[in-house]
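Working notes for the structure below.
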Amino acid sequence: MTEQFAVDVLICGAGAAGLTLAIDLARRGVSFRLIEKMDKPFHGSRGKGIQPRTLEIFEDLGVLDRLVAAGGPYPPQRSHHDDGSYSDSGIMEQQASLPAEPYRIPLMLPQFLTESILRDRLAELGHCPEFGSELVGFDQDEAGVSLRIAGKEGEENVRVRWLVGADGGRSFVRQALEVGFPGRTLGVRAIVADVSLTGLSRDVWHRFAEKDMQRQISLCPLAGTDLFQIQAPVPLEGDVDLSAEGLNAMVAQRTGRDDIQVISVSWASAYAMNARLADRYRVRRTFLVGDAGHTHPPTGGQGLNTSVQDAYNLGWKLAAVLAGAGDQLLDTYEEERRPVAASMLGLSTKLLDDLKRGEIRRGRETQQLDLGYPKSSLAIERPTRQGGVRAGDRAPDAPVRGAAGQPMRLFDLFKGAHWTLLAYEANQAPLPPRRGLHIHSIGERGDILDHAGHVGEIYALTPGDWVLVRPDGYVGAILASSEMAVLQRYFDEVGLGQPGPTHP
């Protein structure tokens with residue numbers, strides 16, 4: 001007798017990570033529920049920076065243009081000095097797009113607007129979060145997970161195949177699994193507040209007393225709103241008055257000015273900064289994504305971005321296993337994503353130390369374009385390459401043309417829930433079609449023309465090379481034509497469909 005499941009996946013937590021996973025599962029036809037214990041959406045700006053790699057992901061998910069329309073670039077920073085003078089500087093280098101990297105400048109967008117756009121996209125796909133629904137208990141066995149969910153209509157029992165904890169730094173799922181969350185408290189407590197105020201221009205990010213952790217305060221105009229975000233370190237102990245009156249007193253004391261007036265407070269929070277990483281990301285049929293698996297200081301804007309990319313990595317793997325791939329594919333989620341989070345925790349902590357010294361300039365390391373999975377068991381090269389794009393790297397973009405003459409990009413070929421196989425000037429006939437695999441031949445007689453030579457140059461390919469790009473935009477394999485038997489075994493491991501029927 002076949003066991004009945006309410007849905008395949010239960011996602012606990014409807015923040016950026018949970019919404020990203022829900023969108024990815026929805027476009028793959030995977031059944032799921034997305035629950036959130038809060039009664040209504042989060043309305044704060046907490047994560048306001050969307051890094052270039054995450055912009056690429058959001059392009060694939062169909063929300064990039066909406067996000068860019070709603071947000072804006074980071075403004076220059078203005079350092080106000082005690083004598084009343086000031087100096088302006090850029091927070092990050094202004095970098096022009098490259099053929100391989102179409103987005104090289106972070107986008108500023110308050111988290112509540114980012115999540116609103118993600119909810120709209122999810123609604124287009126026929127789903128919505130269930131607010132006011134809390135996971136209060138679960139048990140798992142070899143076949144599935146039995147859940148208890150407390151909602152507005154009472155408690156219900158639900159049976160699912162997989163559970164994903166995207167429920168934040170205080171994750172109920174992680175604690176119920178008894179997964180360790182080692183790390184350290186960083187000795188910094190801060191406030192963040194979204195406020196309406198007068199007395200400051202909106203064309204710069206205002207900073208005062210940058211090198212003094214007792215007096216430091218910044219006021220950043222939030223793109224897409226008429227609000228400012230106030231950030232400031234506060235004493236480790238004691239209450240902090242987050243009312244308009246309390247914030248007015250703090251602003252006046254730290255800036256030495258009485259012309260800046262907080263009119264109202266939309267959202268405010270005081271928090272201690274931590275750097276923590278879960279011991280495990282998977283326990284049997286349960287997974288941790290986002291802040292449930294890693295908690296960052298806010299410096300460098302890495303937390304939300306790392307969380308989105310966790311979900312983007314896990315989504316296609318869950319769908320593949322549900323479609324018949326081996327369960328071991330799901331082990332590569334922790335294998336690939338946990339080292340990335342460890343690296344980002346180190347970066348965020350370093351940037352916090354820099355901030356304490358008044359340094360805020362950001363470099364390429366925050367953009368996440370260079371992150372990849374070169375040591376993953378899913379990264380295969382035959383023969384081993386010495387240069388260019390490697391297996392496990394992010395698959396670069398490049399301008400190309402279709403055989404009919406229309407301009408396009410490699411990202412156009414990659415976009416969607418499928419794998420992509422590129423045959424570069426290969427004499428070998430294309431492989432038979434497989435469910436979930438798009439095959440393109442690049443060359444003079446192919447369906448794609450490398451008219452400007454960017455693909456060959458960026459990927460450092462030689463005639464006869466085959467490049468397999470994963471559904472999440474990373475290179476799975478780069479193989480010479482003589483190694484095609486390796487590709488067949490790879491297909492079996494990741495659950496790509498069998499060749500379709502042939503016709504005379």
Side-chain angles (χ1 to χ4, degrees), residues 5-48 50 54-71 107 109-135 147 149-153 156 158 160-168 222-225 266-267 287 289-292 304-305 307-316 318-319 322 415-418 471-472:
F5 294 92
V7 291
D8 290 321
V9 182
L10 189 287
I11 306 169
C12 180
L19 287 165
T20 298
L21 180 58
I23 291 169
D24 201 25
L25 295 180
R27 68 176 182 161
R28 297 175 187 281
V30 174
S31 64
F32 67 90
R33 287 177 61 180
L34 173 62
I35 65 170
E36 170 56 59
K37 70 177 181 179
M38 293 194 304
D39 290 330
K40 58 185 179 180
F42 173 70
H43 67 281
S45 66
R46 190 157 48 207
K48 65 179 183 295
I50 303 179
T54 309
L55 293 175
E56 295 177 352
I57 293 170
F58 284 150
E59 179 181 18
D60 181 44
L61 297 180
V63 295
L64 175 63
D65 290 329
R66 299 178 213 184
L67 293 166
V68 173
L107 175 72
L109 188 65
Q111 185 171 340
F112 67 89
L113 289 180
T114 298
E115 292 181 1
S116 176
I117 290 169
L118 292 175
R119 286 193 300 274
D120 289 347
R121 177 61 178 141
L122 185 60
E124 291 175 351
L125 296 169
H127 300 270
C128 61
E130 301 173 31
F131 288 99
S133 294
E134 182 178 3
L135 181 65
L147 313 165
I149 300 173
K152 297 173 182 177
E153 306 300 324
E156 62 175 320
V158 178
V160 302
R161 297 181 191 275
W162 307 100
L163 169 63
V164 178
D167 50 344
L222 283 173
T225 76
S266 173
W267 169 80
F287 302 86
V289 302
D291 288 353
L304 181 147
N305 293 272
S307 298
V308 164
Q309 292 173 48
D310 287 346
Y312 194 57
N313 183 287
L314 180 60
W316 72 265
L318 284 170
L322 287 165
K415 187 174 183 178
H418 58 270
D472 57 356

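Worth knowing before you read on, the calculation uses all heavy atoms, side chains too, and leaves out hydrogens, waters and symmetry mates.
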- Task: State, yes or no, whether a side-chain contact exists between L67 and L107 at a heavy-atom distance under 4.5 Å.
- Result: yes
- Query: Could you state the interatomic distance from CZ (R46) to OG1 (T114), rounded to the nearest 0.5 Å?
  - Reply: 12.5 Å
- Separation between CG (L318) and CG (L21), nearest 0.5 Å, reads 6.5 Å
- Item | Stepwise side chain to side chain contact (heavy atoms under 4.5 Å, CB included) test for V308 and F58 | CA-CA 9 Å; V308 164; F58 284 150; 4.0 Å; yes
- Check against side chain to side chain contact (heavy atoms under 4.5 Å, CB included), V160 and F32: CA-CA 9 Å; V160 302; F32 67 90; over 6 Å; no
- Message: Can you tell me how far apart CG (L113) and OG1 (T225) are? Round to the nearest 0.5 Å.
- Response: 7.0 Å
- Query: Shortest non-hydrogen contact from E115 to G15?
  - Reply: OE2-CA, 3.6 Å
- What distance do L19 atom CG and H127 atom NE2 have between them, rounded to the nearest 0.5 Å? 12.5 Å
- Task: Please tell me if the side chains of R121 and L125 come closer than 4.5 Å, counting only heavy atoms from C-beta onward.
- Result: yes
- Query: If every non-hydrogen atom of D8 is compared with every non-hydrogen atom of S31, which pair is closest and at what distance?
  - Reply: N-OG, 2.9 Å
- Item | Any F112 side-chain heavy atom under 4.5 Å of P41 side chain | no
- Message: Restricting to non-hydrogen atoms, name the atom on L61 and the atom on Y312 that form the minimum distance, rounded to 0.1 Å.
- Response: CD2-CE1, 4.4 Å
- Decide yes or no for R27 and D60: does some side-chain heavy atom of the first lie under 4.5 Å from some side-chain heavy atom of the second? yes
- Item | side chain to side chain contact (heavy atoms under 4.5 Å, CB included) between L322 and V30, worked out | CA-CA 8 Å; L322 287 165; V30 174; 3.6 Å; yes
- Minimum heavy-atom distance between G315 and D24, given as atom pair plus value: CA-OD2, 3.6 Å
- Message: Nearest 0.5 angstrom please: D39 CG to E134 CD, how far?
- Response: 10.0 Å
- Note on the structure: Tested for side-chain contact (heavy atoms from CB on, under 4.5 Å) against L314, the lone hit among D472, V289, V9 is V289
- Message: With heavy-atom distances below 4.5 Å as the criterion, would you say the side chains of L10 and I149 are in contact?
- Response: yes
- Determine the interplanar angle of the H43 and W267 rings, folded into 0 to 90°, and report it as parallel if under 30°, tilted if 30 to 60°, perpendicular if over 60°. perpendicular
- Task: Could you tell me the separation between the CG atom of L222 and the CD atom of Q111, rounded to the nearest 0.5 Å?
- Result: 12.0 Å
- Might you point out which heavy atoms bring P471 and A417 nearest each other, and give the distance in Å? CB-O, 4.0 Å
- Message: Give me the atom names and distance for the closest heavy-atom approach of A311 to A17.
- Response: CB-O, 3.4 Å
